[in-house]
There are 2 protein chains.
Amino acid sequence: MRVTFRRPDPRDPGRPVYVISVAASIVSVHPRTLRIYEDAGLVCPARTPTNIRLYSENDIRRVMWIRHLTQNLGVNLAGVRILFELEERLGTRILERLYDEATDAADAAAVRTADAPPEPSASSA
Amino acid sequence: MRVTFRRPDPRDPGRPVYVISVAASIVSVHPRTLRIYEDAGLVCPARTPTNIRLYSENDIRRVMWIRHLTQNLGVNLAGVRILFELEERLGTRILERLYDEATDAADAAAVRTADAPPEPSASSA
DNA sequence: AGAAACCTGACAATGTCGTTGTCAAGTATC
DNA sequence: GATACTTGACAACGACATTGTCAGGTTTCT
């Protein structure tokens, strides 16, 4: 455990930066949807001292996973929550395994909208 | 791989024994529902040479998991399929981990019907 | 100060899904 | 021959996902 000081790194993916309208436009959903995800316990954006939601890069990626799971794989929010909890519990990035299935399921389920699924980990690229 | 000969063991949990009406009554669902599960690729009961479905103990247990996931945890069939595929892919019994969450989620979601969830593995008991 | 964007909570519309149920025409089993 | 199975279709009912809006209130920016 070396990370004790939190230097304000502008590139820290955990740093809360996007207000809800910006976050919503990034992931192409209604702000309403983001609030629903939060109510369902699927995302936990930080808040300013004055209660304004601030989404980090990690939050954005998480939402992208939710969209991928729901839109491409047809999983409902309860299933998404299970998968997230499972991943946290196992300490494994099982979602990346799902990414492989995505192509199979997408091909089979006739979902050819050609929108790019969230890249599992594209930080240093 | 020692199991090559398949001796007709009456207690083999993989042995197809239950016709669909019996299987449906065991898990308390409509036969229609079992066929839907099969169409969704969630269960694969054996067939007699004359095309009659025969469910094994394992099939029954699998259906019970589906019921548990859908009724108690609110996961839809797409989510169930993902979980099954994931379990097979990881080679881990992640469903048992979900069983722990079941109590949490059931408490939170006010599901106190007191129906016994499927026992994860109760072969030699 | 005033406009714009945020907050929560509620309500509605639309489309999809899960489940049960039934009907028909055909085959298998007792 | 009666009963139970097969597939395929259709319907109904409730629940969910998503988008959208409106209200009344607070924060932020100019």
Side-chain angles (χ1 to χ4, degrees), chain A residues 16-55 59 63-84 105 108-111 113 115, chain B residues 16-55 59 62-84 105 109-111 113 115:
Chain A
V17 278
Y18 306 118
V19 90
I20 194 173
S21 62
V22 180
S25 70
I26 289 178
V27 296
S28 302
V29 295
H30 201 273
R32 190 78 183 74
T33 307
L34 291 184
R35 297 198 184 99
I36 290 176
Y37 289 167
E38 187 178 356
D39 290 345
L42 299 179
V43 216
C44 270
R47 298 283 186 130
T48 68
T50 55
N51 208 31
I52 304 290
R53 272 173 267 251
L54 284 185
Y55 292 81
D59 292 330
V63 172
M64 279 177 166
W65 269 114
I66 300 174
R67 296 305 289 180
H68 176 54
L69 291 169
T70 56
Q71 302 304 305
N72 297 354
L73 297 183
V75 181
N76 64 1
L77 298 189
V80 174
R81 183 159 43 81
I82 294 292
L83 287 170
F84 281 170
V111 180
T113 24
D115 55 340
Chain B
V17 278
Y18 305 118
V19 90
I20 194 172
S21 62
V22 179
S25 71
I26 290 178
V27 295
S28 302
V29 295
H30 200 274
R32 191 77 183 75
T33 307
L34 290 184
R35 297 199 184 98
I36 290 176
Y37 290 166
E38 187 177 357
D39 290 345
L42 299 179
V43 216
C44 270
R47 300 283 187 129
T48 67
T50 54
N51 209 32
I52 303 290
R53 272 173 266 252
L54 284 186
Y55 293 79
D59 292 330
R62 200 172 172 85
V63 172
M64 280 177 164
W65 269 114
I66 301 175
R67 295 305 288 179
H68 175 54
L69 290 170
T70 55
Q71 303 302 305
N72 297 354
L73 297 183
V75 181
N76 63 1
L77 298 189
V80 173
R81 183 159 43 80
I82 294 292
L83 287 170
F84 281 170
V111 181
T113 23
D115 56 338

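The shown structure was predicted, so the numbers you read here are calculated from the model rather than taken from an experiment.
Taking atom CG of residue B/Leu42 and atom C1' of nucleotide C/dG18, one finds them 12 Å apart after rounding to whole Å. If you take CD of B/Gln71 and P of D/dG14, they are 16 Å apart, rounded to a whole angstrom. Look at CZ on A/Arg67: it is 10 Å from C1' on D/dT19, rounded to the nearest Å. Taking atom CG on A/Leu69 and atom P on D/dC16, their separation rounds to 19 Å, with Å as the unit. B/Arg47 has its CZ atom 13 Å from the P atom of C/dT29, to the nearest Å.
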(message) Pair A/Leu34, A/Tyr55 - check side-chain contact (heavy atoms from CB on, under 4.5 Å), show working.
(response) CA-CA 10 Å; A/Leu34 291 184; A/Tyr55 292 81; 3.5 Å; yes
Pairwise N/O distances under 3.5 Å, protein to nucleotides 24-28 of chain D:
residue	atom	partner	partner atom	Å
D/dT27	O3'	A/Thr50	OG1	2.9
D/dT28	OP1	A/Thr50	OG1	2.8

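Remark: B/Arg35 CZ to B/Ile20 CD1 distance equals 4.0 Å, nearest 0.5 Å. If you take CD1 on A/Ile36 and CD1 on A/Ile66, they are separated by 11.5 Å, rounding to the nearest 0.5 Å. To the nearest 0.5 Å, atoms CG (B/Leu42) and CG (B/Asp59) are separated by 12.0 Å.
Residues B/Ile52 and B/Val19 share a closest heavy-atom pair of CG2-CG2, 3.7 Å. Across every non-hydrogen atom of A/Leu73 and B/Ala78, the tightest pair is O-CB, 3.4 Å.
Within residues 19-41 of chain A, the residues approached by DNA chain C to less than 4.0 Å at the level of any non-hydrogen atom are A/Val19, A/Ile20, A/Ser21, A/Arg32, A/Arg35, in residue-number order.
A cation-pi arrangement, defined by a distance under 6.0 Å to the six-membered ring centre and an angle within 45 degrees of its axis, is present between B/Arg62 and B/Phe84.
With sequence neighbours left out, the side-chain hydrogen bond (donor to acceptor under 3.5 Å, both in side chains) criterion links B/Arg47 to B/Glu38, B/Asn51.
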